[in-house]
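Just so it is clear: chains get the letters A, B, ... in the order the sequence lines come, proteins before strands, and each one is counted from 1. Values below: all heavy atoms of this structure, side chains included; hydrogens, waters and symmetry mates excluded.
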There are 2 protein chains.
Amino acid sequence: MTVGRPRKIDPDIILENAMQVFWEKGYEGSSMADIMRATGMHKGSLYQTFGDKKSLFMAALERYLDGMFVEQQQIIKTHDDPTAAIRAVLFHLLEYAHINDQGGQQQRGCMAVNSLVDSAPYDDDICQLLEQKKQRMIGSMVQVIEQIQAANPQQLTRPVEVVTALIGVAMEGLSIEMKNNMDPDMAKAVLDQQLQLLGI
Amino acid sequence: MTVGRPRKIDPDIILENAMQVFWEKGYEGSSMADIMRATGMHKGSLYQTFGDKKSLFMAALERYLDGMFVEQQQIIKTHDDPTAAIRAVLFHLLEYAHINDQGGQQQRGCMAVNSLVDSAPYDDDICQLLEQKKQRMIGSMVQVIEQIQAANPQQLTRPVEVVTALIGVAMEGLSIEMKNNMDPDMAKAVLDQQLQLLGI
DNA sequence: TTTTTTGTTGACCGAGCGGTCATAAATCAA
DNA sequence: TTGATTTATGACCGCTCGGTCAACAAAAAA
């Protein structure tokens, strides 16, 4: 076994709880006191484990993005029909933005989109992290869309880049609307319309 | 003339400068010191004139929204063709989000969309103000869209509410993308594609 | 048991925050 | 000139913030 006093709490659980706080309140809006409350750790330990607030935030954001990506890959894997796969992924994303298990009355939206507005513009590191993970997600979406095109060439009349751009923009818009209490069913209906327009 | 010491600066100019700060940095990100610097007023005067920080922010936000609305009405008035009118309004909105005359290297996005993410979720008053102004804007857009439908019934295959929802979501998404340095020409291209999809 | 290593704790720090207020300054009315 | 009225100023206040650190606790190694 390793030398020294053992950890009281698994750092992964700490990160998960910290992520929930950042997701709900944003970077600036979350104080270290909030995170202490949510994690049960004292600030000294948090700083020793994660460095500073920004590093903790970026670790939490990466956890969020990676967790989401894994879920998406699983969804894609469980669908044979690529159209069904992409729809399932996007509707799952909406569900993700809707849930708020911190007990707040407000919906949380997508943590990535939230960060895009309130953190990324003021920090290049966060900006880069988001861009990198976004490219990864677009990459896997492109694969699925190309499957659709291969199976049914006349279904999609527009280039893949246009389709992904329009989907991305719509998802970001919906995340914001949901954060401002758009009815989740309404959000799903809007997404459905957008996908119909695109032929998906 | 009125009794008492005259104002050093027109409150309207103060509000304009304060708005620029809030637009660029958001509500939480703007300190009263920032606003003092931008307006040339000392905090005592600001508090006497506007009450508190939130009231100042709401006044600035309302100024932004009303200014934008007036510009939109003018654009609509100068176009006979309703399709051209609605396109002009939306492309003008993109231009509006792109300009950054504070000298920052970052684009500002739309102040309303920014507020939707970083202020509205935590304050009912701001939320209400944004909702009210949004309804006003949707109202005037509905009028134009109904003109399109009246002139050419088979151009728009979907209900007005669906069209406005899809446009709104796309504009919000584009505002975020532009805030994260999407090329303005790219943003225009995406908007053009979205409008083509809708038959506008 | 003693030493070494690692994790935990909470008091403490300087800085910046939003907001207040007594005082000074600038105008008009008398 | 004097007093009333309004605006401008900046020192000041209490609070919260992110971050530090020396003392303490718990385990393995000696």
Between A:Gln48 and B:Met32, name the one whose nearest nucleotide on DNA chain C is closer to the 5' end.
A:Gln48

By nearest nucleotide on DNA chain D, pick out whichever of A:Gly51 and B:Gly40 is the more 5' one.
B:Gly40

Provide, to the nearest angstrom, the distance between the NZ atom belonging to B:Lys54 and the C1' atom belonging to C:dC17.
18 Å

Taking the side chain as everything from C-beta on, heavy atoms only, tell me whether A:Val190 gets closer than 4.5 Å to A:Met186.
yes

In whole angstroms, how far is the P atom of D:dT16 from the CG atom of A:Asp34?
12 Å

Any side-chain N or O of A:Ser31 less than 4.0 Å from the OP1 or OP2 oxygen of D:dC17?
yes

Quick note, salt bridge (charged side-chain N to carboxylate O under 4.0 Å, His left out) partners involving residues 26-47 of chain A, not counting sequence neighbours, are A:Lys25-A:Asp34, A:Asp34-A:Arg37

OP1 or OP2 of D:dA25 under 4.0 Å from side-chain N/O of A:Arg5
no

Please evaluate the base of D:dG10 for a donor-acceptor partner in the side chain of B:Lys43 within a cut-off of under 3.5 Å?
no

From CD1 of B:Ile35 over to P of C:dG16, roughly how many Å is that when rounded to an integer?
17 Å

Regarding the side chain of B:Pro6, the nearest nucleotide among C:dG7, D:dC17, C:dT27 is C:dT27

Phosphate oxygens OP1/OP2 of D:dT7: is one of them under 4.0 Å from a side-chain N or O of B:Ser45?
no

Looking only at side-chain N and O atoms, does B:Lys8 come under 4.0 Å of OP1 or OP2 in D:dT9?
yes

Length of the line joining B:Met36:CE and D:dG10:C1', which is rounded to integer Å:
8 Å

Without swapping roles, check the side chain of B:Tyr64 against the backbone of B:Met111 for a donor-acceptor pair under 3.5 Å.
yes

When rounded to whole Å, the CG to P distance for the pair A:Leu46 and C:dT6 reads 20 Å

From NZ of B:Lys53 over to P of C:dG18, roughly how many Å is that when rounded to an integer?
4 Å

CA sep, side-chain torsions, deciding dist, call: A:Arg7, A:Ser45, side chain to side chain donor-acceptor pair (under 3.5 Å)
CA-CA 10 Å; A:Arg7 296 200 115 95; A:Ser45 297; over 6 Å; no

A:Tyr47, nearest nucleotide to its side chain (from D:dG19, D:dA8, D:dC17):
D:dG19

Rounding to a whole Å, what distance do you find between A:Arg7:CZ and D:dA28:P?
16 Å

Please check if the number of heavy atoms outside A:Asp80 that lie under 6.0 Å from its CG is greater than 12.
no

With the side chain of A:Met41 defined as its heavy atoms from C-beta on, choose the nearest nucleotide among D:dG19, C:dT8, C:dC17.
C:dT8

Atom pair distance, as rounded to whole Å: CZ in A:Phe50 and P in D:dG18:
16 Å

Return no unless some side-chain N or O of A:His42 is found under 4.0 Å from OP1 or OP2 of C:dT8.
no

